[in-house]
Amino acid sequence: MPSPWNVILLDIEGTTSSVSYVFDVMFPYVLRELDAYLVSAWNEPALAPVLDQIAKDAGSEDFATWTADCANEAERREKVAAEIRRLMDGDVKATGLKALQGMIWKDGFERGEMTAQVYADVPEALEAWTTAGLRVFIYSSGSIGAQKLFFGHSEAGNLLKYFSGHFDTTTGPKKEAASYNTIAAEVAEPAEKILFISDIVAELDAAKEAGMCTLLSIRPGNKPVEDGHIHEAISSFAQVSLG
Ligand SMILES: CSCCC(=O)C(=O)COP(=O)(O)O
Ligand SMILES: [Mg+2]
């Protein structure tokens, strides 16, 4: 029987990988390296659009406007660092924060200080799905740069060959149906031929509203899910039946 889907769209945290790896390894790495990173990368051209995005996320027009009250470079850096710590304290999935985190993780992954955790069933499923002719995409709040570092340096090796593409919050918020309409258009598939797997019911609701099929990921350490949702649950990708 042919697969009911042509595309599988995956969340990362709580789905391919544990919440605890993100919170206990990746986020502390950012907090440790933040000040030194901002000093070393301050004049790099790649940082400027990220600083503008952080300012926009904070409700300002751009970085210059947002930091107009700062007397010098050190004060501007301190304002950025304080905003990053504030956002991370609340686990805010802001686009600028996520872009900066990805830049800071680069050294950590490339120097072998971090190796991304993925559940044992994930590489096997990616192999089975792509062998069956399905295309697999990632949609995570983590920036596309961070996603590529993550799956390029996983404990199961480099898994990037399995992905046909990546989406992050530059496509739109994960809890809005319009983002899933955009993704369906970009991967050129009708929404009903796309299966989205995530640990967050509000994300699955948005995907379902856009017409996608959904599965709720239940992994150890995920936030508890309230009853009353409409999504079938799985605890392993081995439970995804291709028909
Ligand atoms: C490589 S992504 C790092 C994890 C992260 O920052 C994040 O926000 C994950 O969110 P998700 O949408 O994958 O649950
Ligand atoms: Mg998640």
Side-chain angles (χ1 to χ4, degrees), residues 8-34 37 50 53-54 57 84-85 87-110 113-119 122 126 136-156 158-160 162-163 165-176 179-180 183 195-207 212 214-225 229 231 233-235 237:
I8 297 187
L9 182 64
L10 297 174
D11 168 71
I12 297 178
E13 181 192 309
T15 301
T16 65
S17 307
S18 70
V19 172
S20 110
Y21 183 75
V22 175
F23 274 78
D24 300 338
V25 178
M26 296 180 77
F27 287 174
Y29 186 94
V30 169
L31 294 172
R32 246 183 353 257
E33 300 295 325
L34 179 60
Y37 180 82
V50 175
Q53 185 62 53
I54 290 167
D57 294 341
I84 294 302
R85 288 192 204 96
L87 293 170
M88 289 184 70
D89 251 11
D91 190 26
V92 178
K93 308 281 193 181
T95 302
L97 162 69
K98 292 292 160 187
L100 186 65
Q101 285 177 334
M103 293 165 89
I104 296 174
W105 285 325
K106 188 169 190 292
D107 278 349
F109 280 114
E110 290 183 349
E113 293 162 23
M114 289 194 297
T115 304
Q117 180 270 345
V118 289
Y119 289 109
V122 172
L126 293 173
V136 183
F137 293 81
I138 298 289
Y139 183 26
S140 170
S141 302
S143 69
I144 290 173
Q147 296 173 23
K148 289 182 177 171
L149 286 164
F150 188 92
F151 289 109
H153 300 84
S154 92
E155 58 194 18
N158 184 342
L159 300 174
L160 289 175
Y162 293 116
F163 301 119
H166 300 257
F167 296 95
D168 62 14
T169 55
T170 58
T171 292
K174 291 184 76 183
K175 295 178 182 171
E176 287 184 12
S179 306
Y180 298 86
I183 290 173
L195 170 66
F196 178 50
I197 310 177
S198 173
D199 59 322
I200 303 294
V201 166
E203 296 176 4
L204 296 172
D205 287 343
M212 290 187 187
T214 54
L215 286 174
L216 174 65
S217 168
I218 306 287
R219 299 286 198 179
N222 280 10
K223 284 196 191 112
V225 173
H229 67 80
H231 310 283
I234 55 166
S235 56
F237 286 179

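All ligand and atom numbering here is 1-based and tracks the order in the structure. These values consider heavy atoms only, across backbone and side chains, with no hydrogens, waters or symmetry-generated copies.
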Consider every N or O of Tyr139 and every N or O of ligand 1, then say whether any pair is closer than 3.5 Å. no
What residue and heavy atom of the protein are closest to atom 9 (C) of ligand 1, and at what distance? Glu13 OE1, 3.3 Å
Looking only at distance, does Gln147 have an N or O less than 3.5 Å from an N or O of ligand 1? no
When rounded to the nearest 0.5 angstrom, what distance separates OG in Ser198 from NZ in Lys175? 9.5 Å
Quick one: CD on Gln117 to CD1 on Ile12, what's the gap to the nearest 0.5 Å? 11.5 Å
Charged tip of Arg85 within 45° of Phe27 ring normal and under 6.0 Å: no
Heavy-atom contacts with Trp105 under 4.0 Å: which atoms of ligand 1 show up? List them by number with element. 3 (C), 6 (O)
Does one side chain, of Gln53 or Thr95, offer a donor that lies under 3.5 Å from an acceptor on the other? no
For ligand 1, which atoms, with element, lie under 4.0 Å from some heavy atom of Gly142? 2 (S), 7 (C), 8 (O)
Tell me whether Ala146 reaches ligand 1 (any heavy atom closer than 4.0 angstrom to a ligand atom). yes
Identify, for atom 5 (C) of ligand 1, the protein heavy atom at the shortest distance, and state residue, atom and that distance. Lys98 NZ, 3.7 Å
for atom 13 (O) of ligand 1, nearest protein heavy atom and its distance come out as Ser140 OG, 2.7 Å
Purely on distance, is any nitrogen or oxygen of Met26 under 3.5 Å from one on ligand 1? no
Would you compute the distance between atom OG of Ser143 and atom CE of Met103 and round it to the nearest 0.5 angstrom? 9.5 Å
Centres of the Phe151 and Tyr162 rings: under 6.0 Å? no
Angle subtended at the Mg ion (ligand 2) by Asp11 OD1 and Glu13 O, rounded to 10 degrees: 110°
Taking it one step at a time, do His166 and Phe163 satisfy ring-ring contact (aromatic ring centres under 6.0 Å, His included)? CA-CA 7 Å; His166 300 257; Phe163 301 119; 5.7 Å; yes
Quick check: of its N, O or S atoms, which one does Asp199 have closest to the Mg ion (ligand 2)? OD1
Could you tell me which atoms of ligand 1, counted from 1 in the order shown, lie closer than 4.0 angstrom to a heavy atom of Lys174? 11 (P), 12 (O)
Quick note on ligand 1: atoms under 4.0 Å from a heavy atom of Phe150 include exactly 1 (C)
Atom pair CZ/CG of Phe167 and Leu10 - distance to nearest 0.5 Å: 12.5 Å
Name the orientation class of the two ring planes belonging to Tyr139 and Phe196 (parallel below 30°, tilted from 30 to 60°, perpendicular beyond 60°). tilted
Can you tell me how far the CD1 atom of Ile84 sits from the CG atom of Asp89, to the nearest 0.5 Å? 12.0 Å
Would you mind listing which atoms of ligand 1 come within a distance below 4.0 Å of any non-hydrogen atom of Lys93? 7 (C), 8 (O), 9 (C), 10 (O)
Please state which protein non-hydrogen atom is closest to atom 14 (O) of ligand 1 and give its distance, to 0.1 Å? Asp11 OD1, 2.9 Å
